[in-house]
A.B. asks: 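Sharing a structure here in structure tokens format.
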Amino acid sequence: MVRDRLKKSSVSIIAILLILILIVLPTGYEDAAIYKGTDRVRAKVISTDESSVINNGLIQSGEQYCKVKILDGKFKNEIADAVNMLSGSLEADKIFQQGDVAHVVISYSKDKILSIMMSDHYRLDKEAILAGLFVLLLIGFAGKTGLRAVYSFLITILAIWKILTPAYLKGANPIWWGIALTAFLTLLIIFLVYGFDRKTLAASSGALLGVFVTCVMGCIFTDAFKIHGAVMAYSESLLYAGYQNLNLSQIYMSGIFIGASGAMMDLSVDITSAVNEVICKKPNIGWKEAARSGMNVGRAAMGTMTTTLLLAYSGGYIALLMTFMAQGTPIDNIMNYKYVAAELLDTVVGSFGLVTVAPFTALTSAWLLTKKK
């Protein structure tokens, strides 16, 4: 009993240490900020002036002038004039009203404000509340398991931001770095679920074999479909920012198996837990029979998992589909369109990985968990 508690405690300690290491790990781009010599703070809108705003139906351009009270930073409590630039884009533009709290960028020289640009509505406080409620719900429902899920969530975010993103910007091979990070996160997250146990090795093996299949299929069919990585949002902006050496197509390929890896981990853990439960109830069961039980669980789960991927990938393209329908675009044109083909590639190749995860995990978990210690 004491030994089990020590193992569980060590799992949490390892996770916390890793989170702290990732937090302090430099990305190498801390000095690349375009906001040098500025103060980025909150400001409350006292009044607005829309006399210079040009309205063209839904589109607005020109400038909105705001009088704001600065809430943070070097010029706290000062009242000053700010400008909200409107470019005529519904996606990018925002209109402020009296009483709004905005995120502003203050350009200054010594103790004098040179200009204040309205950046966006301030949302960090609401985001913190939402995240806090999620953490409380997760821990309240799942207890220590929920806490470890929070650890894995934080580690995944930090690893992508502190390791993968800087590596891609520096020109590292996206496929190999994507596989390496996915393998690391798979092993770590499943380790946080099972701890020091054979189930960790069994579930990780099945998930990583599925990731490998997804990687190979994604590379082959991205070339076959002639999909360029520029289909990813903001990818062209990245090229124009001075990163023309980046291979966007390979980054897109890595995104296919990275995006599907979470569902693969989920399925592999489900199958491993089911096989382990069968073995606990029937200790003398053979590995072939245990594998068949795992396959049965995998068959039941695969039907919903593939639909989960479809909904996850296509949810952001509802407006695009509505546009096609409103224009009366033929279905063959829609299916052949580059963005639709890219989503289809994501979904089907990710589903290939899921289908292979089930037998891989059933075999690895049955073979490993039926073996005597």
Side-chain angles (χ1 to χ4, degrees), residues 27 29-30 32-109 112-134 157 160-161 165 169 230-243 312-324 326-327 339 343:
T27 63
Y29 290 89
E30 286 80 8
I34 62 173
Y35 299 107
K36 287 183 178 180
T38 61
D39 204 5
R40 301 180 300 279
V41 296
R42 295 178 304 145
K44 186 174 182 179
V45 179
I46 299 174
S47 63
T48 63
D49 177 8
E50 287 79 29
S51 59
S52 298
V53 175
I54 303 170
N55 290 291
N56 295 308
L58 293 174
I59 305 301
Q60 294 178 312
S61 58
E63 298 88 25
Q64 180 191 30
Y65 297 101
C66 303
K67 189 173 288 292
V68 299
K69 180 180 180 180
I70 301 168
L71 302 178
D72 303 306
K74 183 176 181 178
F75 302 99
K76 184 177 180 180
N77 294 327
E78 288 193 25
I79 296 175
D81 294 323
V83 180
N84 174 30
M85 303 296 295
L86 302 172
S87 61
S89 169
L90 285 175
E91 180 184 5
D93 289 342
K94 53 275 171 187
I95 292 291
F96 295 93
Q97 298 177 349
Q98 183 179 352
D100 286 347
V101 176
H103 188 268
V104 302
V105 179
I106 303 175
S107 298
Y108 63 90
S109 177
K112 182 181 179 182
I113 296 175
L114 300 178
S115 65
I116 301 178
M117 299 297 296
M118 306 290 285
S119 177
D120 211 330
H121 291 89
Y122 188 79
R123 304 182 180 94
L124 295 182
D125 50 350
K126 286 84 174 178
E127 291 173 1
I129 292 172
L130 184 62
L133 290 173
F134 170 70
I157 293 174
I160 291 173
W161 180 249
T165 305
L169 284 172
V231 296
M232 298 181 294
Y234 297 104
S235 56
E236 288 191 61
S237 300
L238 190 60
L239 295 179
Y240 299 147
Y243 294 91
Y313 285 129
S314 62
Y317 282 86
I318 295 297
L320 178 64
L321 297 176
M322 291 170 65
T323 302
F324 284 140
Q327 293 175 346
Y339 288 95
E343 289 304 303

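Numbering of residues begins at 1 and proceeds along the displayed sequence.
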A.B. asks: The test is side-chain contact (heavy atoms from CB on, under 4.5 Å); show your working for L169 and L238 and say whether it passes.
C.D. replies: CA-CA 9 Å; L169 284 172; L238 190 60; 3.9 Å; yes

A.B. asks: For Y234, give me all partners under side-chain hydrogen bond (donor to acceptor under 3.5 Å, both in side chains), at least two apart in sequence or on another chain.
C.D. replies: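 side-chain hydrogen bond (donor to acceptor under 3.5 Å, both in side chains) list for Y234, sorted by chain: empty.
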
A.B. asks: Counting distance only, does the side-chain N/O of T165 pair as donor-acceptor with the main-chain N or O of I160 below 3.5 Å?
C.D. replies: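 Judged by distance alone, yes, a pair lies under 3.5 Å.
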
A.B. asks: Give the minimum heavy-atom separation between V231 and Y339, together with the two atoms involved.
C.D. replies: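 So the two residues come closest at O-CE2, 3.5 Å.
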
A.B. asks: Can you confirm whether more than 12 heavy atoms, excluding those of Q97, are under 6.0 Å from its CD atom?
C.D. replies: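 Open: at most 12 neighbouring heavy atoms sit under 6.0 Å from CD of Q97.
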
A.B. asks: At their closest point, which heavy atom of G88 faces which heavy atom of D93, and how far apart are they?
C.D. replies: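 The pair with the smallest heavy-atom distance is N-OD2, 2.8 Å.
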
A.B. asks: Look at the side chain of D120 and the backbone N and O of H103, then say whether any donor-acceptor pair between them is shorter than 3.5 Å.
C.D. replies: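 No; judged by distance alone, with no hydrogens or angles, the pair does not exist.
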
A.B. asks: Indicate every side-chain donor-acceptor pair of residues 66-76 with a distance under 3.5 Å to a residue at least two apart or in another chain.
C.D. replies:
{"from": "K67", "atom 1": "NZ", "to": "D81", "atom 2": "OD1", "distance (Å)": "3.0"}
{"from": "D72", "atom 1": "OD1", "to": "R42", "atom 2": "NH2", "distance (Å)": "3.1"}
{"from": "D72", "atom 1": "OD2", "to": "R42", "atom 2": "N", "distance (Å)": "3.4"}
{"from": "D72", "atom 1": "OD2", "to": "R42", "atom 2": "NE", "distance (Å)": "2.7"}
{"from": "K74", "atom 1": "NZ", "to": "K110", "atom 2": "O", "distance (Å)": "2.6"}

A.B. asks: Say you draw a straight line from CD1 of I95 to CG of N84; how long is it, rounded to the nearest 0.5 Å?
C.D. replies: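 The CG atom of N84 is 6.0 Å from CD1 of I95, to the nearest 0.5 Å.
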
A.B. asks: Using 0.5 Å steps for rounding, measure from the CD atom of Q98 to the NZ atom of K44.
C.D. replies: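 One finds 9.0 Å between CD of Q98 and NZ of K44.
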
A.B. asks: Before giving the answer on side-chain contact (heavy atoms from CB on, under 4.5 Å), spell out for V105 and I116 the whole-Å C-alpha distance, their side-chain angles and the decisive distance to 0.1 Å.
C.D. replies: CA-CA 6 Å; V105 179; I116 301 178; over 6 Å; no

A.B. asks: Pair I59, L90 - check side-chain contact (heavy atoms from CB on, under 4.5 Å), show working.
C.D. replies: CA-CA 7 Å; I59 305 301; L90 285 175; 4.2 Å; yes

A.B. asks: What's the spacing between Q64 CD and M85 CE if we round to 0.5 Å?
C.D. replies: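 If we round to the nearest 0.5 Å, Q64:CD and M85:CE are 12.0 Å apart.
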
A.B. asks: Testing the 3.5 Å rule here: is there a donor-acceptor pair between the side chains of E50 and T48?
C.D. replies: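 On atom types as modelled, these side chains qualify, holding a pair under 3.5 Å.
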
A.B. asks: Taking the side chain as every heavy atom from C-beta outward, state whether T38 and S107 have any atom pair closer than 4.5 Å.
C.D. replies: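 Heavy-atom side-chain distance check passes, below 4.5 Å.
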
A.B. asks: Report the distance from atom CD1 of I106 to atom CD1 of I113, rounding to the nearest 0.5 Å.
C.D. replies: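 Rounded to the nearest 0.5 Å, the CD1-CD1 separation comes out at 5.0 Å.
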
A.B. asks: Give a yes or no answer on whether the side chain of S109 reaches the backbone of K112 with a donor-acceptor pair at less than 3.5 Å.
C.D. replies: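 Looks like no, no N/O pair under 3.5 Å.
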
A.B. asks: Name all residues meeting the side chain to side chain contact (heavy atoms under 4.5 Å, CB included) criterion together with S235; count only those two or more places apart in sequence or in a different chain, and write none if there are none.
C.D. replies: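 Checked S235 against side chain to side chain contact (heavy atoms under 4.5 Å, CB included); matches are A230, M232, L248.
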
A.B. asks: Any chance you could measure L86, atom CG, to K94, atom NZ, to the nearest 0.5 Å?
C.D. replies: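 The NZ atom of K94 is 8.0 Å from CG of L86, to the nearest 0.5 Å.
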
A.B. asks: CD of E63 to CE of M117: how many Å apart, nearest 0.5 Å?
C.D. replies: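 Rounded to the nearest 0.5 Å, the CD-CE separation comes out at 8.5 Å.
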
A.B. asks: Keeping the roles fixed (side chain from D100, backbone from F96), state whether a donor-acceptor pair exists under 3.5 Å.
C.D. replies: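 Judged by distance alone, no pair lies under 3.5 Å.
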
